[in-house]
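Keep in mind that the numbers below use all heavy atoms, side chains included, and drop hydrogens, waters and symmetry copies. Numbers here are sequence positions counted from 1. Order of appearance sets the numbers: ligands from 1, and atoms from 1 within every ligand.
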Amino acid sequence: MIGRTKRPIVIRNGRAIRNRRAESADIVVVNGVIEDILKPGEEGPEDAGVIDATDRLIIPGLINAHTHSHLAVAKGVSRSWTLELHLHNGPWTGGGQALEDRYLMAQASAAEMLLKGCTACYDLVLEMPAPTPEGLFATAAGYLDTGMRAVVAPMMADKTFWQAIPGLMEALPDHLRSTVEDIRLSGHDISLAACKTMLKEWPHDTDWALPALAPTIPHHCTDDFWTGCRDLAQSEGAGLHCHLAESKMQSIVGPMVYGGKSLTAHLDRLGVIGENFTGAHGIWLDDADLDILSRRGAAIAHNPSSNFRLGSGIARTPSIVNAGIAMGIGSDACSCSDHQNLFETMRLACYLSRTASFDPDDWFTPEQVLEMATEGGARALGLEGLTGRIEKGYAADLVLIDLTTSNFTPLNDPIYQLVFCEEGRSVDRVMVGGETVVLDGKLLTIDYGRLRARLNGRASELFAANEPKKKALAALEPFVKDFCVGLTTGRRMVA
Ligand SMILES: [Zn+2]
């Protein structure tokens with residue numbers, strides 16, 4: 001069963017986004033599913049409750065195609081860091097967490113997303129030194145208890161960031177190297193065994209929370225790890241998600257470690273890329289890489305706010321779409337975009353596409369970008385046909401936008417104003433599976449004040465405990481920066 005609400009509901013007097021247009025329609029919801037779409041005022045089921053959507057734009061719930069709940073604690077902590085410095089600082093920004101943090105961080109992520117009109121996400125969650133079934137089940141429970149759908153994937157590697165880049169470890173000063181030499185990850189056999197248990201014993205309703213696998217970055221995982229994930233995903237029908245060519249340095253390291261092949265070509269050689277594969281970022285992909293992703297039916301999760309924040313580069317998003325690759329939009333983690341706001345990322349995705357060409361015919365329109373953040377996201381999560389559209393048979397994952405706010409005054413074009421003006425302030429009601437979880441800008445499922453107090457308290461504890469790690473990593477940071485910037489700009493060559 002997709003929804004939870006049994007009693008039929010009719011949402012009347014609103015304007016619903018369908019086929020890239022805002023049209024007057026009354027929406028019948030039964031058992032959490034869109035049962036019918038009526039002409040305005042047309043008779044609905046006799047016993048139905050009515051939600052009045054006068055002055056409301058009804059959009060499909062936004063879908064966040066790429067996030068990391070374990071970093072919900074890390075808003076505003078990232079400095080002028082590239083992706084590589086972000087990863088270098090990972091042990092203190094997101095490290096030291098306990099099993100009970102999984103539920104808290106998922107609730108914190110879900111709360112922010114729901115309040116900003118997002119009803120489903122793909123969460124790549126980290127546990128050190130290896131994922132645990134309990135941690136992944138608790139993450140999913142955090143989403144479910146807050147009222148949100150989620151695909152939960154353990155983010156994994158069997159090489160640390162410092163081990164994964166040829167020459168980096170050796171370039172660090174002898175007296176400081178032990179800081180990162182002492183950081184160890186479990187072998188892939190331990191991670192794969194945990195994943196197998198997670199997939200076999202998944203306790204949640206898979207219409208609401210699905211498990212998937214996330215070997216984090218191609219060269220941070222050995223080939224044996226990759227093929228193990230490939231086989232497990234195939235046998236259990238699970239999705240695969242990884243960061244793909246996110247930084248220029250990664251695109252340089254790929255051919256260095258894979259005998260001249262790009263990261264994408266290497267994964268394809270391993271048989272990893274298929275319809276269940278979502279590549280996050282995809283900034284440094286060439287035409288041959290796009291051809292592989294297109295032929296295999298893979299999806300891309302585009303994360304413009306994170307890419308700008310980390311200076312990772314400008315994704316060739318019009319080329320990705322023109323290659324026929326499905327694209328969703330993600331916020332990425334709070335440590336690298338600071339928020340979980342799909343309205344902001346939709347706007348940035350629209351702007352960013354305009355840097356790719358002087359011909360406006362190549363630019364994304366707001367209608368296209370909204371479709372990416374809904375249907376495209378559903379495709380990236382493996383939930384196509386279930387959510388992401390206002391159509392009969394789809395889940396009633398709906399967001400009612402108040403058209404009387406200043407963002408929509410005067411009301412000239414609701415979709416353009418949704419993408420170019422809205423920041424989340426006009427979200428009036430959020431329904432997931434027909435159940436109202438946000439009303440008048442407030443969460444109905446959990447006590448947000450209590451959650452805020454717990455998250456503030458836990459953030460203070462974690463960052464105090466991680467202070468020695470932070471100091472030790474700060475001492476190494478200039479050397480890591482010098483090495484990685486040198487490799488990226490061609491100043492440094494590594495044999
Ligand atoms: Zn990410």
Side-chain angles (χ1 to χ4, degrees), residues 63-75 77-78 81-91 93-95 97 105-106 108-109 112-113 118 120-128 131 136 139 150-157 160-161 164 212-221 229 239-251 263-264 267 277-285 298-313 315 317 320 327-342 344-345 348-349 373 376-377 380-381:
I63 296 176
N64 189 346
H66 183 80
T67 186
H68 305 278
S69 64
H70 62 282
L71 287 161
V73 71
K75 282 181 185 168
V77 304
S78 181
W81 292 342
T82 60
L83 172 70
E84 283 71 35
L85 295 180
H86 175 265
L87 296 173
H88 172 74
N89 283 285
T93 57
Q97 297 187 15
M105 301 297 165
S109 287
E112 179 173 359
M113 283 189 262
C118 177
C121 74
Y122 210 140
D123 183 8
L124 283 67
V125 63
L126 177 71
E127 289 178 276
M128 291 279 281
L136 299 157
T139 299
V151 177
V152 174
M155 187 165 83
M156 310 176 283
T160 66
F161 161 69
L213 304 176
T216 181
I217 295 169
H219 55 285
H220 291 216
C221 300
C229 286
L240 276 173
H241 194 141
C242 85
H243 298 89
L244 187 63
E246 179 176 354
S247 71
K248 187 176 179 191
M249 203 202 73
Q250 289 181 353
S251 74
L263 300 164
T264 307
L267 292 187
F277 180 88
T278 297
H281 303 282
I283 299 172
W284 297 93
L285 298 172
I300 287 286
H302 173 44
N303 301 277
S305 54
S306 165
N307 300 159
F308 281 126
R309 174 80 151 97
L310 298 173
S312 301
T317 50
I320 292 170
M327 196 166 82
I329 295 180
S331 65
D332 211 350
C334 287
S335 58
C336 55
S337 76
D338 301 283
H339 62 74
Q340 302 288 300
N341 187 338
L342 266 281
E344 294 288 348
T345 47
L348 289 174
L381 268 64

query = the Zn ion (ligand 1): which protein N, O or S atoms are under 2.8 Å away?
reply = His66 NE2, His68 NE2, His243 NE2, Asp332 OD1
ask   = Mind checking whether Phe277 and Cys242 have side chains closer than 4.5 Å, heavy atoms only?
value = yes
ask   = Which residues satisfy the side chain to side chain contact (heavy atoms under 4.5 Å, CB included) test with Ala212, sequence neighbours excluded?
value = Tyr122, Val151, Ala153
message = Would you say that Leu136 contacts Val125 through its side chain, given a criterion of any heavy-atom pair below 4.5 Å between the two side chains?
response = yes
Residue list, ring-ring contact (aromatic ring centres under 6.0 Å, His included) with His281, at least two apart or on another chain = His66, His243
task = Output all residues satisfying salt bridge (Lys or Arg N to Asp or Glu O under 4.0 Å) with Glu112, sequence neighbours left out; order by chain, then residue number.
result = Lys75, Lys116
message = Assess, by modelled atom type and distance only, whether the side chains of Ser337 and Asp332 contain a donor and an acceptor separated by less than 3.5 Å.
response = no
